[in-house]
S.K.: 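There's a structure below that I have some questions on.
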Amino acid sequence: MGKVLLAGATGYLGSFILEELLKQGLETRIIVRNEKKLPLSIKGNDQVKLLKAEVTQPASIENCCRDIDTVISTVGITRQKDGLTYMDVDFQANMNLLKEAMRSGVKKFIYVSILHGDELRRLRICDAKERFVDSLKESGLDYCIIRPGGYFSDMGEFYQMARKGKVFLFGNGEHRINPIHGADLAAICVNAIHGQEKEIPAGGPQTFTYNQIAQTALSVAEKGTGIIHIPGWISKWILGLLRTFTSSKTYGPIEFFLTVLSMDLVGPPYGTHTLKEYFEELKK
Ligand SMILES: NC(=O)c1ccc[n+]([C@@H]2O[C@H](COP(=O)([O-])OP(=O)(O)OC[C@H]3O[C@@H](n4cnc5c(N)ncnc54)[C@H](OP(=O)(O)O)[C@@H]3O)[C@@H](O)[C@H]2O)c1
């Protein structure tokens, strides 16, 4: 079995990928900028080697891919407030990794983009991710692009609203999504090491409307039926204002969030974890 380099191990998906790599007995190197975010169980585990480095700074990751067969990257901006753009991180930091992978003769590069990312290039986040996908495809390396819709971690926001008794939804709440648990998606990412597929669109086992997600969250939180629909024109108006008065660092994440709420985001179903169980975990 080959050695794997994982970039993004301190994130939601990356932490499950690390767990899955260890479960499958794969020797793993992780690139981390803040090792305090790693679970304590990693310390002293001989299967994992830690490289403290900044993927945005090429010099700090020089030779990171030496002896590595597969690179898996989940690196990207979600909630980070480092003052960097999607082009700095989702594109350029992954390019820095790709250059190292090519230099060291890595066999395969597995990258996590977004479901329908190619059709959503008008959004800053998708543009940056898909530019990297283009470069990866041209690199000559074997590759696999994982394309998830929403993660359970994001659905947690609905539960946090439900706990306070009201869930706010933009539009009529009838668009559909099948979010996936990190552990289910991690298994797809790790199994891709030996798979033949070049692109894997993926969602979770159950498809919901946003109204159903809100109802599930409210029912687990035991808070009745407090769903408030905010008319779609208000979200367009908010976006217009943000685009005019803020930088892409501020409006980029909001633009992405409001866009996905106004479209269906349903991928082929994988996994076994249910959203209700996830909300019940959050309740504890
Ligand atoms: N969340 C979703 O619903 C969703 C849906 C589709 C696709 N995706 C994509 O899936 C990937 C993983 O998502 P996630 O929810 O696991 O994200 P996450 O929890 O924020 O993890 C992202 C990882 O990237 C690293 N990173 C971010 N900015 C960095 C920087 N400037 N320098 C170095 N490292 C940096 C983070 O390191 P730190 O821990 O040190 O910040 C973390 O390890 C992302 O690319 C995301 O765009 C997410």
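Keep in mind it's a predicted model, so treat the numbers as computed, not measured. In listed order, ligands and their atoms are each counted from 1.
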S.K.: Check the orientation of Phe152 and His181. Use parallel for under 30°, tilted for 30 to 60°, and perpendicular for over 60°.
M.R.: perpendicular
S.K.: Could you give the N/O to N/O pairs under 3.5 Å linking ligand 1 and the protein, each with its distance?
M.R.:
{"residue": "ligand 1", "atom": "1 (N)", "partner": "Asp154", "partner atom": "OD2", "Å": "2.7"}
{"residue": "ligand 1", "atom": "3 (O)", "partner": "Tyr151", "partner atom": "N", "Å": "3.1"}
{"residue": "ligand 1", "atom": "3 (O)", "partner": "Asp154", "partner atom": "OD2", "Å": "2.3"}
{"residue": "ligand 1", "atom": "8 (N)", "partner": "Tyr151", "partner atom": "OH", "Å": "3.3"}
{"residue": "ligand 1", "atom": "10 (O)", "partner": "Tyr151", "partner atom": "OH", "Å": "2.7"}
{"residue": "ligand 1", "atom": "16 (O)", "partner": "Tyr12", "partner atom": "N", "Å": "3.3"}
{"residue": "ligand 1", "atom": "16 (O)", "partner": "Leu13", "partner atom": "N", "Å": "2.8"}
{"residue": "ligand 1", "atom": "19 (O)", "partner": "Tyr12", "partner atom": "N", "Å": "2.8"}
{"residue": "ligand 1", "atom": "20 (O)", "partner": "Thr78", "partner atom": "OG1", "Å": "2.4"}
{"residue": "ligand 1", "atom": "20 (O)", "partner": "Gln80", "partner atom": "NE2", "Å": "2.9"}
{"residue": "ligand 1", "atom": "24 (O)", "partner": "Gly76", "partner atom": "N", "Å": "3.4"}
{"residue": "ligand 1", "atom": "37 (O)", "partner": "Thr10", "partner atom": "OG1", "Å": "3.4"}
{"residue": "ligand 1", "atom": "39 (O)", "partner": "Thr10", "partner atom": "OG1", "Å": "2.7"}
{"residue": "ligand 1", "atom": "39 (O)", "partner": "Lys37", "partner atom": "NZ", "Å": "2.6"}
{"residue": "ligand 1", "atom": "40 (O)", "partner": "Arg33", "partner atom": "NE", "Å": "2.8"}
{"residue": "ligand 1", "atom": "41 (O)", "partner": "Arg33", "partner atom": "NH2", "Å": "2.9"}
{"residue": "ligand 1", "atom": "41 (O)", "partner": "Gln80", "partner atom": "NE2", "Å": "3.2"}
{"residue": "ligand 1", "atom": "43 (O)", "partner": "Gly8", "partner atom": "O", "Å": "3.2"}
{"residue": "ligand 1", "atom": "43 (O)", "partner": "Thr10", "partner atom": "OG1", "Å": "2.9"}
{"residue": "ligand 1", "atom": "43 (O)", "partner": "Gly11", "partner atom": "N", "Å": "3.3"}
{"residue": "ligand 1", "atom": "45 (O)", "partner": "Thr74", "partner atom": "O", "Å": "3.4"}
{"residue": "ligand 1", "atom": "45 (O)", "partner": "Lys129", "partner atom": "NZ", "Å": "2.7"}
{"residue": "ligand 1", "atom": "47 (O)", "partner": "Lys129", "partner atom": "NZ", "Å": "3.0"}

S.K.: Got a sec, which residues hit side-chain hydrogen bond (donor to acceptor under 3.5 Å, both in side chains) with Gln47, two or more places apart in sequence or on another chain?
M.R.: none
S.K.: Does anything in residues 215-241 pair up under ring-ring contact (aromatic ring centres under 6.0 Å, His included), and if so which pairs, sequence neighbours excluded?
M.R.: none
S.K.: Counting the benzene-type ring for Trp, do Tyr143 and Tyr111 have ring centres under 6.0 Å apart?
M.R.: no
S.K.: Restricting to non-hydrogen atoms, name the atom on Leu84 and the atom on Ile77 that form the minimum distance, rounded to 0.1 Å.
M.R.: O-CD1, 3.4 Å
S.K.: Suppose we screen for ring-ring contact (aromatic ring centres under 6.0 Å, His included). Which residues come up paired with Tyr151, at least two apart in sequence or across chains?
M.R.: Tyr12
